[in-house]
Amino acid sequence: MAGRIVVVGAGIAGLAAAIYGRLAGYDVEVFEKNAVPGGECTGWDRRGHHIDNCIHWLTGSKPGSALNDVWRTVGALGADTVFVPGDKFFTARLGGREATLWHDLDRTERELSALSPADKVEIKRLIQAVRLARCCEIPADKPLDLMGPIDYLKMGIRMKDMPKVMKAYGDVSLGELAERFTDPLLRMLVNSYMPADYAAYAFIVSYATMASGNGKVPRGGSRALTLRMAARLEELGGRIHLSEPIKRIWQHEGRAAGVILQDGTKVASDYVVYAADMSLLFGGLIKRELMPEGWAKAYEDRSSYPVMSGLQAAFSVLEGSVPSGTTLFACAPFRVGPREASCLSVHCYDYEPAWAPEGRAVAQINLTQSDADWEWWKSLDKDDYRASKEKAAAIFAERLVDEFPEAANGLELLDAWTPLTYERFCGAYRGSYMGFKAMPKAKSPSCKGVIEGLPGLYLAGQWMTSPGGLPIAVTSGKFAIQRIQRSE
Ligand SMILES: Cc1cc2nc3c(=O)[nH]c(=O)nc-3n(C[C@H](O)[C@H](O)[C@H](O)COP(=O)(O)OP(=O)(O)OC[C@H]3O[C@@H](n4cnc5c(N)ncnc54)[C@H](O)[C@@H]3O)c2cc1C
């Protein structure tokens, strides 16, 4: 046996680290605070319906890339995985008109140009950038800091068109990109899916991922994917302890020697892979002073390194009353805490018939949340919090019915949740379900997965590289094991 690894957190990063650890011959034990594995990549049931919390697109779904190999190795995807059929990223609706970002880029360009001939040049430029961005790949073979000159050369060749995208859009926010269009519908199309301060290139890369068929959603959604990974780990002989939060990283003779559980039990190991939220790690599991400088700066400078969360509500709707997939729609203005909004995003899961009783479907509304929103929710007492959540869900229901009147037929609120839910459930920093936002002019903080001054501790998870998400989480788990092997 190569040695013993304790993994903290059974989200995607922790499960991936544990699986790669087992494959490398280590004895592996995972400690997870929740009663279910998956972290943010999960789903739950309410009154005969299933609510999916995560996957809108799974980067790496297409065979032939190193990232796809990773998803297959961890059991998230297999030979028998069926993907949800789909031909669009999302649709925006404003004033009786609609515009769609189709996977077929020629179709998108044609339709958007017909909708707004005055924006033809800008549309062409944007769609061309999306075409070029299809070459973008998340490094999944090994981490950047373990790559040699040949690896960099190969990556440069594969991603040869990305510098052109970055030159054109690297310094532009989505809000600024929207200003280049004259048609308000097109402005809404580029500016409302992600926050306006988000880097335009991140949106372009996301669309390119979908357009190249590399961002499909596996059937069964987030919870099923996570459970496949957990089953794969158990099949390989790894152990997951659920409802077992760790209290501290155990340090002995200057290195991480294991973890300390809530009841004080010490679990010894040769290595610890920490795959839970980084603010928790430096907020008491180890000393704050050990935080790498880039992160310390980001946590202190809240305006330059914002995070993103969501205020969400899931409804049971009449099947066919809300369009399938994601639709953004303009609505009568409303306010929740500090946020004024006049547009909502709804995702209808009618393509998963098992997730609702016959004739019904689940439709989920998500209103993006920022640091300021989190601060507001946090300031409320228990009663105000509950009342504000209920009020927000009632507004969502009203706006949904204004836009899709047939949805009124038996409309039922299944659940509503806020940034504080993510904080409670996963310990997510300010409820963030990604890493620090990708900002156009700020250098994103990233981490090499180790902590100077604390050997034996390896880090994984969505915070390792902005803007986070599933591919960063899964590869960071693999990379943690590669780093351990390298250290030996
Ligand atoms: C609404 C929504 C939509 C999303 N859509 C997408 C998408 O379409 N595509 C995409 O790529 N990404 C998406 N994401 C992001 C993605 O879900 C996350 O980036 C990813 O799941 C994070 O994984 P992780 O393992 O890094 O962290 P987490 O999922 O946070 O896992 C950390 C785990 O550590 C556990 N933990 C915390 N404290 C302790 C402790 N003291 N002891 C033991 N365990 C502990 C937590 O309970 C948790 O299970 C979405 C997220 C949300 C919420």
Side-chain angles (χ1 to χ4, degrees), residues 6-18 29-43 51-61 67 71 76 89 138 193-194 206 209-210 215-218 221-222 225-226 229-230 240-249 259-262 267 272-281 283-285 307-312 314 326 345 347 364-369 417-419 421-429 431-435 459-477 480:
V6 160
V7 177
V8 181
I12 296 296
L15 289 170
E29 258 183 289
V30 183
F31 291 89
E32 164 56 50
K33 98 175 174 52
N34 289 332
V36 287
E40 287 163 4
C41 187
T42 191
I51 297 171
D52 189 283
N53 183 57
C54 177
I55 309 173
H56 292 73
W57 69 88
L58 185 72
T59 305
S61 62
L67 183 55
W71 285 123
F89 185 6
I138 286 170
Y193 187 78
M194 291 169 175
S206 302
T209 303
M210 308 282 278
K216 293 187 177 162
V217 179
S222 310
L225 178 139
T226 300
M229 286 177 68
I240 309 180
H241 303 277
L242 297 171
S243 306
E244 192 79 79
I246 70 138
K247 189 159 80 178
R248 279 187 77 80
I249 303 292
V259 292
I260 305 176
L261 306 181
Q262 294 297 319
V267 182
V272 176
V273 176
Y274 180 84
D277 196 272
M278 293 306 149
S279 68
L280 299 176
L281 178 66
L285 301 184
V307 295
M308 185 176 105
S309 187
L311 164 62
Q312 301 186 60
T326 304
S345 159
H347 189 95
Q364 284 172 218
I365 291 198
N366 189 352
L367 179 67
T368 302
Q369 301 279 276
W417 60 108
T418 76
T421 313
Y422 293 111
E423 188 179 51
R424 176 182 54 74
F425 188 65
C426 291
Y429 175 67
S432 179
Y433 52 62
M434 300 283 283
L459 308 182
Q462 60 179 355
W463 294 95
M464 306 309 292
T465 310
S466 288
L470 295 167
I472 298 300
V474 77
T475 51
S476 69

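All ligand and atom numbering here is 1-based and tracks the order in the structure.
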Q: Decide side chain to side chain donor-acceptor pair (under 3.5 Å) for Glu29 and His241; before the verdict, give the C-alpha distance in whole Å, the side-chain angles of both, and the deciding distance to 0.1 Å.
A: CA-CA 8 Å; Glu29 258 183 289; His241 303 277; 2.5 Å; yes

Q: Applying side-chain contact (heavy atoms from CB on, under 4.5 Å), name anything that partners Phe425, two or more places apart in sequence or on another chain.
A: Asn34, Val36, Thr42

Q.
For a quick check: using heavy atoms under 4.0 Å, what are the residues in contact with ligand 1, sorted by chain and number?
A. Val8, Gly9, Gly11, Ile12, Ala13, Phe31, Glu32, Lys33, Asn34, Gly38, Gly39, Glu40, Cys41, Asn53, Cys54, Ile55, His56, Trp57, Pro245, Ile246, Ala275, Ala276, Leu280, Gln312, Tyr422, Phe425, Cys426, Tyr433, Met434, Gly461, Gln462, Gly469, Leu470, Pro471, Ala473

Q: Taking side-chain contact (heavy atoms from CB on, under 4.5 Å) as the test, write out the residues that go with Val217, two or more places apart.
A: Ile55, Val84

Q. Does the side chain of Ser222 come under 3.5 Å of the side chain of Asp52 through a donor N or O and an acceptor N or O?
A. yes

Q: Could you list the residues that satisfy side-chain contact (heavy atoms from CB on, under 4.5 Å) with Thr421, not counting sequence neighbours?
A: Tyr385, Trp417, Thr418, Arg424

Q | Candidate list Val267, Val7, Leu285, test side-chain contact (heavy atoms from CB on, under 4.5 Å), partner Val259, passing option | A | Val267

